[in-house]
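Have a look at the structure below, then the notes.
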Amino acid sequence: NEGSLGGIRVDDVVKAQARVESPSDSVGAVAKGVGVRRKMHVVRNELRTEVTGNMSLVEGDTVISELVVARNSKTPWDYAPGKAVVVEDSIPAFAEGVEDEGRAFADAHMVEVINESAKKVEVRDVARYPERTKKVVILPWHGEARLFQVWRVRFRGEAVLPPAQAFEMY
């Protein structure tokens, strides 16, 4: 059969390319009552190293993402904040989340740090997705929580890791 749509024939291959430009100054993290800071560690051969800006990760690397979530006590509250905070931490496209995090913590010699942090924060729910982990934590009004996520590099490639997010559940 012959036919065309807007000059495109049935057997033509259509290709498209999209480009979005956004000046870096126009995009930035905003803290509205709850702030979050991320530090990442790479674990290779049972040695832990903090990930720096231009550090290359290789296939098989285990990465521990450490988040510190805290309420901004200087924020003027227009409402009474709830105790529950939702925290989302991204996983890059070339990696996969690790559910059994215990071995990674042991290899990184972080078991004591993890256990001490677990005593100070109540995690109510954990949802794992291929591209992120979402946790609901109980965060005291003037408190902070340290949360951890583990992912493993599975493929070669480049990715930009979006900032972690924390926001009031209600």
Side-chain angles (χ1 to χ4, degrees), residues 27-53 55-73 75 77 79-170:
V27 179
V30 176
K32 291 188 178 179
V34 180
V36 61
R37 297 183 316 273
R38 179 194 286 140
K39 185 189 311 183
M40 296 195 318
H41 311 272
V42 63
V43 181
R44 292 182 184 149
N45 302 322
E46 298 187 13
L47 295 174
R48 175 177 43 127
T49 307
E50 189 171 336
V51 175
T52 58
M55 183 178 210
S56 294
L57 301 173
V58 296
E59 197 172 331
D61 278 350
T62 299
V63 176
I64 299 173
S65 176
E66 176 183 356
L67 301 180
V68 176
V69 181
R71 293 193 188 274
N72 182 353
S73 61
T75 300
W77 298 104
Y79 61 95
K83 292 181 180 179
V85 172
V86 178
V87 181
E88 293 186 0
D89 194 9
S90 300
I91 298 171
F94 57 71
E96 66 181 0
V98 175
E99 285 193 45
D100 183 14
E101 300 173 331
R103 181 177 177 148
F105 296 146
D107 288 348
H109 307 287
M110 293 181 72
V111 174
E112 289 181 25
V113 172
I114 303 301
N115 289 341
E116 191 62 34
S117 294
K119 292 177 190 174
K120 296 178 181 178
V121 65
E122 180 182 349
V123 178
R124 286 278 175 98
D125 188 42
V126 177
R128 297 182 188 273
Y129 304 95
E131 74 283 359
R132 73 186 188 284
T133 298
K134 182 188 286 188
K135 297 180 180 182
V136 176
V137 300
I138 302 303
L139 186 64
W141 286 16
H142 296 290
E144 72 176 29
R146 286 175 71 187
L147 302 169
F148 300 87
Q149 170 182 243
V150 178
W151 44 268
R152 185 170 294 112
V153 177
R154 298 297 294 163
F155 312 102
R156 292 181 187 181
E158 291 185 14
V160 174
L161 194 60
Q165 298 180 8
F167 50 89
E168 299 285 345
M169 186 167 183
Y170 301 109

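Within a 6.0 Å radius of CZ in Phe155, no more than 12 heavy atoms belonging to other residues, nucleotides or ligands are found. Counting heavy atoms of neighbouring residues, nucleotides and ligands inside a 6.0 Å radius, atom CZ of Arg38 exceeds 12 of them. Arg154 CZ: 12 or fewer foreign heavy atoms inside a 6.0 Å radius.
Residues Ala104 and Ile64 share a closest heavy-atom pair of O-CD1, 3.9 Å. Smallest separation of non-hydrogen atoms from Ala159 and Pro92: CB-CB, 3.9 Å. Asp89 and Ser65 make their closest contact through OD2-OG, 2.5 Å (heavy atoms, listed as atom of the first residue, atom of the second, distance).
With respect to Val123, the side-chain contact (heavy atoms from CB on, under 4.5 Å) criterion is satisfied by exactly one of Val136, Ile138, Val137: Val137. Results of the side-chain contact (heavy atoms from CB on, under 4.5 Å) test with Glu122 over Arg124, Lys120, Lys119 single out Arg124 as the only residue that passes.
For the atom pair Glu50 CD and Thr52 OG1, the distance stands at 8.0 Å (nearest 0.5 Å). In this structure, CD in Glu66 is found 9.5 Å from CG in Leu147, a value given to the nearest 0.5 Å. Note: Thr49 OG1 to Met55 CE = 5.0 Å, rounded to the nearest 0.5 Å. Note that the CZ atom of Arg152 and the CD atom of Glu96 stand 6.5 Å from one another [nearest 0.5 Å]. His41 NE2 to Arg48 CZ: the interatomic distance, rounded to the nearest 0.5 Å, is 5.5 Å. Interatomic distance, CD of Glu59 versus CZ of Phe94, reported as 11.0 Å (0.5 Å rounding).
Remark: Arg128 engages Glu101 in a salt bridge, criterion side-chain N to carboxylate O under 4.0 Å.
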Next on the checklist: Go through it in stages, so that I can follow the logic: the residues are Ile91 and Gln149, the test is side-chain contact (heavy atoms from CB on, under 4.5 Å), and I'd like the CA-CA distance, side-chain angles, deciding distance and then a yes or no.
Outcome noted: CA-CA 9 Å; Ile91 298 171; Gln149 170 182 243; 3.7 Å; yes
Checklist entry - Stepwise, does the side-chain contact (heavy atoms from CB on, under 4.5 Å) test hold for Thr133 with Trp151? => result CA-CA 10 Å; Thr133 298; Trp151 44 268; over 6 Å; no
Next on the checklist: The test is side-chain contact (heavy atoms from CB on, under 4.5 Å); show your working for Arg146 and Val113 and say whether it passes.
Outcome noted: CA-CA 10 Å; Arg146 286 175 71 187; Val113 172; 3.4 Å; yes
Checklist entry - What do the steps show when you test Leu139 against Arg71 for side-chain contact (heavy atoms from CB on, under 4.5 Å), and what is the final call? => result CA-CA 8 Å; Leu139 186 64; Arg71 293 193 188 274; 3.8 Å; yes
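With contacts defined as side-chain heavy-atom distances shorter than 4.5 Å, the pair Arg44/Val58 qualifies. At least one side-chain heavy atom of Val34 sits less than 4.5 Å from a side-chain heavy atom of Val69.
A distance-only check finds a donor-acceptor pair linking the side chain of Lys135 to the backbone of Phe148 [under 3.5 Å].
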